[in-house]
Structures are given as C-alpha cells and as structure tokens.
Amino acid sequence: MEQVKVLLQDREIPQKWYNIVADLPTPMKPPLHPGTGQPVTPGDLAAIFPMNIIEQEASGKRWIKIPDEVLQKYLLWRPSPLYRAYNFEKLLNCPVKIYYKNEGVSPAGSHKPNAAVPMAYYNKVAGTKRIVTETGAGQWGSALSMATQMFGLACRVYMVKISYEQKPYRRMMMNTWGAECIPSPSNLTQAGRNVLAEHPDSPGSLGIAISEAIEEAVTTPGSRYALGSVLNHVLLYQTIIGLEAQKQMQKIGVYPDVVMGCCGGGSNFAGIALPYVCDKIHGKDVKIVGAEPSSCPSMTKGPFAYDFGDLAKTTPLLPMYTLGHDYIPAPIHAGGLRYHGMAPIVSHLVREKFIEARAYDQLKTFDAGVKWARTEGFIPAPETNHVLAAVVDETMRAKEEGKEKVILFNWSGHGLVDLSSYDAYLSGKLQAYELPDHEIDRALNAIKNFPKP
Ligand SMILES: Cc1ncc(COP(=O)(O)O)c(C=O)c1O
C-alpha cells in the first residue's frame, strides 16, 4: 500500500505566519497616496482597516505570532492534508510525482477562511461592529460570512453580478452564516450607480465590487472593510499553507522541484509559494509558477505599474502588474480570477524573477479539471482548474526534457457549488477567451499619467 496522505497532528500546526518582506533582496516600492503621490501612512488607511491590521500590512517582521483565538478556529479544518495524486500521475504517464495541499476541506470549501478568520478576529479586538467586503465567485464572501459569525460581527458582501447569477448557492451559504449578499453593481452606492448609469447590463467586476464595499465601509459608523486577496496582510495569513506543506514534505523526506498555484489576486498562490520563495532567496533550486487566466492576464500581458485596486479609485496606488483599473474581464466561470491586478508582493517577485507566470484559457483549464475529477475524485473549483492546467503543462515539459520532477501545488478549493460551470463545459457552451491587445491598450490608457514604479 502506498501512502496517499501526509497528515499533521493539531499540535503540529504552525504557530506563526511568515512575512516575506523581511527577506526580500530588493525592497518593494511603497503604495502611494493618489492625492499627494507620497507613500501612504497608517493614518491614510485608518478609515478602511483597523490599526492592528494596518500594522501587519506595513510590517517588516519575519515571523508574526498567530493569536490563540485564531489557531483554535483554524483547528476546525487545519492542518490541511497533503496528498500525493497517484491516479492523476498514472493518467498523465510522465516522470513526475505530484503532491497537493487540499484547501477544499475548510468549511467554506477553499483557502479563503485562512485569511477571513484572522481578519474577523483583529476587527473584533479593535472594536469593529460590522465588516463590508466584496466577492468574486463567492468563496471569499462565504468565508468572511462564516468568520464574522464566529466572532459576533455583522457582515455585508457585494458579489460580482455575473457570479451572483451563476452561483446562487454561494449567496445561500452567506445567508446561512448570517451575512447579507448584494449583487454588484448595485444602487446602494454612488460607485455602483455610476457604473449602472453607463452600463445598465454590466456583469460587474471585482474592481467595481471593491469600490462599493469601501464606499459603504468608510461612510457607515462602526464598519470596516476587508479585502480577500492582493494586500500584504492577506498573503501573510495564507502562508500557513506553505508552512504546513514544508513540515509535511519534510516528514516524507521530499523537496519539490516546482511549486505552483492559480492566481486571482495572488493569495492562495502566495500562501503555498512564499515559504519556498524564502528557500529560493537563500539558494535553493526550486521553480515557482503562478497560473492565471488568458482572459485576465495581468502578469503575462500587463505592465508593472502604479494603479488603483478598484474602479472608483478609492484605494492607494499599488505597484503591481495590472491591466488597468477599468478593465472588465470576460465573464469566465472562474469568477475569483477576474481581477485586473496582481498582489504587489507577487508582482515584485515576478519582476525580480523569483516567480514565473503562465496563462491558460478556460477550455484547457476545464479539460484538466475534468481529468482530475475522473481520476482523483475531488471536483475542483474553476479557479483551481487553472493550476491543474499548469500542472499538466509542467508534466508534459518534464516528459519532453526527460527529467523526473516533484511538483507541489495548492488545490485551492472544491467546485461543488460551481457545477453549473461544469455543466456549461460538458455541454460545449464554454468559449476560450483570449484578451485582444487593443483592449489592453485601451485599459492601460487610464493609468498612463500615474507615477511610475
Ligand atoms: C477556489 C479559489 N481559488 C483561487 C482564487 C483566487 O484568489 P487568490 O488569487 O486570492 O487566491 C479564488 C478566489 O475567489 C478561489 O475561490
């Protein structure tokens, strides 16, 4: 019998998150205040986030202790299992060993609760009564709904309209956990009304939903905003994935040649990758690859530039690979990957060549996802299918190169609430979207006068 799972005991859960900022060989560019062009100060962010989270966002400390209250909630599903995908390996018939972290075992079905739980906790400690957020596919919104309920906070979620319509069960999950879910763009905010006036049939985007959530948070007493990806503190909380993976791989005496994840705003990929980037910075030979959709190819086609995180220009200017803040991605089924920018930390590491990026169209990703479901059993989220396409691709490269490789990747979530997208794929209704260059040029026009990083 071959060992399929590597498990950690509750007492072996990592007690600290890892902050890559402490180990970067070259410093990152700071976020800028759009009015002054100067680096943002903690005070600039205080209307949006509580101070304890702002301190972590700006922290240069290598290790940050995970509060006991957060660890206790993490233990409901963590440490997550590390699997060896023997059946998928057999199907691919190539010289690879494929290991993956199964983040689909969390109550909300993805990696998102790793960040939602500490955010709800720190807000509770800081006196916040209610959190407002946005969600793409509904994974983040459902995770935060669960986490806010755990700590006795109210929660409202602006959900990208196309996903709200495609994924009604995510809304029902949010309602079950006691949160409100509003399709975005909505009439409840000025940002939403502006979009609807110009595009009454707008499918929405993460950039629009973020604008709505921030506007409401800063204008409602007792409310704060929470972002499910992109920012440093979110990536920090997700490092629990990679830290567990390192302990698990150590237990079986294996070190990966390649570490992979799918990329929307960059949080699950960073979660598994950053502890390995640390190894790479200190001389380890490990390839680290992020997979994004070809319809929203920020890292593979966008420039590294200062840009807003949202359509209404309410966030600071972030140094990142971007397609322009008014870029509205095609309505692909991986709603969680429809974001115009990439996390500044991930962007910096791509720029410094510690990380490679690759783009895949949705037909390729569903092909890989269905192969996975028919071999390994678990049905992946449409977002997760992007890393599966990258794993297939890397496996074929190994075959061509005649090299044996160990691949480790993050299986970011299950697709049991996304079955309508599988239905569309299996009945031949999905299209392969490629982004035309003129659309990138149009969207980038909006940022041409911004400061350059
Ligand atoms: C299952 C799953 N994977 C990946 C992502 C992409 O987000 P991120 O890049 O922040 O991990 C999402 C976003 O909603 C998701 O739900």
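Remember, it's 1-based here, ligands and their atoms both numbered in the order they're listed.
- Between R338 and E383 there is no salt bridge, since no side-chain nitrogen of the basic residue lies less than 4.0 Å from a carboxylate oxygen of the acidic one.
- Taking the six-membered ring where the residue is Trp, F366 and Y422 present perpendicular rings, their angle passing 60° and hence far from 30°.
- At a 4.0 Å cut-off, at least one heavy atom of G265 sits close enough to ligand 1 to count as contact.
- S412 OG, 3.5 Å is the protein heavy atom nearest to atom 1 (C) of ligand 1.
- At least one heavy atom of G266 sits closer than 4.0 Å to an atom of ligand 1.
- The protein atom (non-hydrogen) at minimum distance from atom 10 (O) of ligand 1 is S229 OG, 2.5 Å.
- Note on ring orientation: taking the six-membered ring where Trp is involved, the planes of F49 and Y225 are tilted (angle from 30° to 60°).
- Residue contacts with ligand 1, taken as heavy atom pairs separated by less than 4.0 Å, involve L337 solely via side-chain atoms from C-beta onward.
- Proximity of A137 to ligand 1, defined as any heavy-atom pair under 4.0 Å, is not found for any part of the residue.
- Note on ring orientation: taking the six-membered ring where Trp is involved, the planes of W17 and Y74 are perpendicular (angle over 60°, cut-offs 30° and 60°).
- Under 4.0 Å from ligand 1, the heavy atoms of K112 that appear belong solely to its side chain.
- Below 30°, between 30° and 60°, or above 60°: for Y100 and W411 the angle between ring planes is between 30° and 60°, a tilted geometry.
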